[in-house]
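Read the structure below first, then the notes.
Remember, predicted model here, so these are calculated numbers, not experimental data. Every chain is numbered from 1, with letters handed out A, B, ... down the list of sequences.
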Amino acid sequence: MSFLLKRFAFYLVTAWAAVTINFLVPRLIPGDPVQALITKQRGQMTTEAVRSLYVLFGLDKNESLAEQYVHYLGQLLRGDLGLSFTFFPSPVADVIGTGLPWTVGLVGITTVIGFAIGTAAGTVAGWRRGSWADALIPITTFLSSIPYFWLGLVAIALLTGPASFFPAGGAYETGLVPGWDWEFVGSVLRHSLLPAVTILISSVSGWILSMRNMMVTVSSEDYVTVAHAKGLSERRVMVAYAARNALLPNVSGFALALGFIVGGTLLVEIVFSYPGLGLQLFQAVGAKDYPLMQGIFLIITLSVLLANLLADVAYLALDPRTRREG
Amino acid sequence: MSDRVLEIRGLTVQYGLGADAVQAVRDVTLTLHRGEVLGLAGESGSGKSTLAYGMTRLLPPPGVVRGGEVLFHTDDGETVDVLRMRDAELRRFRWAEVALVFQGAMNSLNPVQRVSTQLMDVIKAHAPRSSAMSRKARARELLALVNISADRLDSYPHQLSGGMRQRVMIAMALALEPRVVIMDEPTTALDVVVQRQILSTLAELRERLGFSVVFITHDLSLLAEFADRIAIMYGGRVVEEAASADLYRTPLHPYSDGLLRSFPALKGPRRELSGIPGSPPDLRAMPAGCAFHPRCPRAMDRCGDHSPELGVPTGHAGDDRTVACWLHPVV
């Protein structure tokens, strides 16, 4: 237990460091967002408006850096990430709130499915090494070397079109009202199919390869031979003895992948114009929308940390050797 | 003879197929009697472990059994050939009749499962209808057999010392009361004191439960004490087999003699340690004639081109002793 507490404290410190860097970096960049906004409005702004914008963004010159920092931390704790330029005058928290479910829904689910399929296939491929299953290796190596956004572009070029079942972009049919009815859910599923398959194809191969290699290593361990000698069923030896041990390194990889869900598949969202965080980040960069960028980076950082904490917990549950006495 | 449990006949094992195949075990014939401890000794690479894996069909690829029979005589007087069993049959046979204790005490237990799980899953696999309660009770009983307290049941392997792990492995081997236990260097990874303790536990259990043991080691002096009969292997062949006292006192094959001189005797008069010059033969390029002749202090001309046959040496009464050496013409 004390181990977990220590880890937790460590992650808190890391999170604080990330937040601080997040605060400092934009302030090191020359120019400021208000200038950018003035340019956007083509200078059609009164001095009053400019002043109030400075206050609004927390950039009024009367505050020292330390004061700004304290201010910023206080805002963060209240969940206030400032106002977005691109979606002005929506608060960044709201903007992220609309994008996050799409990203987590699409990438989160595909990551979990990809891990499950890849691990299962890798287990079998590693167990039956030297048989037909080895044919999987060159195929997966090839697939994992394809950039997923390129796969997405190819899919759009080949499979979408005016008469096609697959839509070329978006998350649901325009004109539909989001809600838990069949029409909407069906539309969401239809729109997510191509991006999901694109991500799956490129991510599943990695899991297959690493799981297969671990299986091959573990299969020559003495305890696997002992399990065979004990006359246990093939299935039990494969699952409880070989795969159970081979899984351990993959678990940390999986947790990391979970952490990158939020920011990791930016390009797929761009290619499919999927309204998730990745697309928002892309738009934010294009519009020099610092508050939104900052907010998204913060979310990405926090989710990576959370995933790491999850990995620690999972490891603790799966590998008794990491449990410390007392 | 009715008291035979396990007979290995002409067993040949090789690694790989075709022209590049390496013969690790060549035409080995051995007999294990009821309640007997048969010692199998030889240097590294002499084929003793390969023999153990080959006869239980546990050889990892690219190992293949190329020929021979492994006959097991059941209690009902039936004889089965282990090498020709179907998979399901083999699974039922394994551990129930022939159990193994491996060399790596450290790695023989699954690191992520509790000791109790690993003791009980083998019982469950062979007696699916047994209750969880009875399996637990049996696991407790088994640990008691090897002098480990029952509260260790919930331990994970990394929480046990090397000696304890090997004891758990021995307990596990006895779980189904097998007729034969094959031990592949069971004490090699342990220090001498623990080695002693484990051996005495083993000797006591064998006395009590009456199973037979095939004990594989390179430590001949240990065998002299523990084994009833000893077979010496060199280059994949058995070169001498005799009652352990006979072999210890009057080794006939120069290799056996060399092996005996490589270890300090635990009892009896001191003798000078000399070791064997040279190194074990390369299995890919075995010398012609007797495989040992390049290292043999007493090699003769004919050793270089004729391989000696294993047989009862002339002048020996009875047939309980065999040797393959030109120094000792066989009947």
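Summarising the geometry of A/G231 relative to B/A125, their closest heavy-atom pair is O-CB, 4.2 Å, with the distance given to 0.1 Å. Summarising the geometry of B/F102 relative to A/T225, their closest heavy-atom pair is CZ-CG2, 3.9 Å, with the distance given to 0.1 Å. For the residue pair B/L58 and A/H228, the shortest heavy atom distance occurs at CD2-CB, 3.6 Å.
Atom OG of residue A/S233 and atom CG of residue B/D87 lie 12.0 Å apart, to the nearest 0.5 angstrom. Separating the CG atom in A/L232 from the CZ atom in B/R94 is a distance of 10.0 Å, to the nearest 0.5 Å. Remark: B/D121 CG to A/Y241 OH distance equals 3.5 Å, nearest 0.5 Å. Here the CG-CG distance, from A/D222 to B/L100, works out to 11.5 Å after rounding to the nearest 0.5 Å.
At least one donor-acceptor pair under 3.5 Å links the side chain of B/H126 to the backbone N or O of A/K230. Listed for the B/N110 side chain is a donor-acceptor partner under 3.5 Å among the backbone atoms of A/A240.
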List the steps, then state whether side-chain hydrogen bond (donor to acceptor under 3.5 Å, both in side chains) holds for A/D319 with B/Y156. CA-CA 10 Å; A/D319 192 346; B/Y156 285 98; over 6 Å; no
Please test A/L248 against B/V112 for side-chain contact (heavy atoms from CB on, under 4.5 Å), starting from the C-alpha separation and ending with a verdict. CA-CA 10 Å; A/L248 295 175; B/V112 297; 4.1 Å; yes
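Interface remark: B/P111 contributes backbone and side-chain atoms alike to the contact with chain A (heavy atom separation under 4.5 Å). Only the backbone of A/L318 comes within contact range of chain B, with at least one heavy atom under 4.5 Å from a heavy atom of that chain. The part of B/Y53 that comes within reach of chain A is its side chain, from C-beta onward, which places non-hydrogen atoms under 4.5 angstrom from that chain.
Residue-environment remark: CZ (B/R86) stays at or below the threshold of 12 foreign heavy atoms within 6.0 Å. With a 6.0 Å radius and a threshold of 12 heavy atoms from other residues, nucleotides or ligands, B/D75 has its CG atom above the threshold. Atom CZ of B/R66 has 12 or fewer heavy atoms from other residues, nucleotides or ligands within 6.0 Å.
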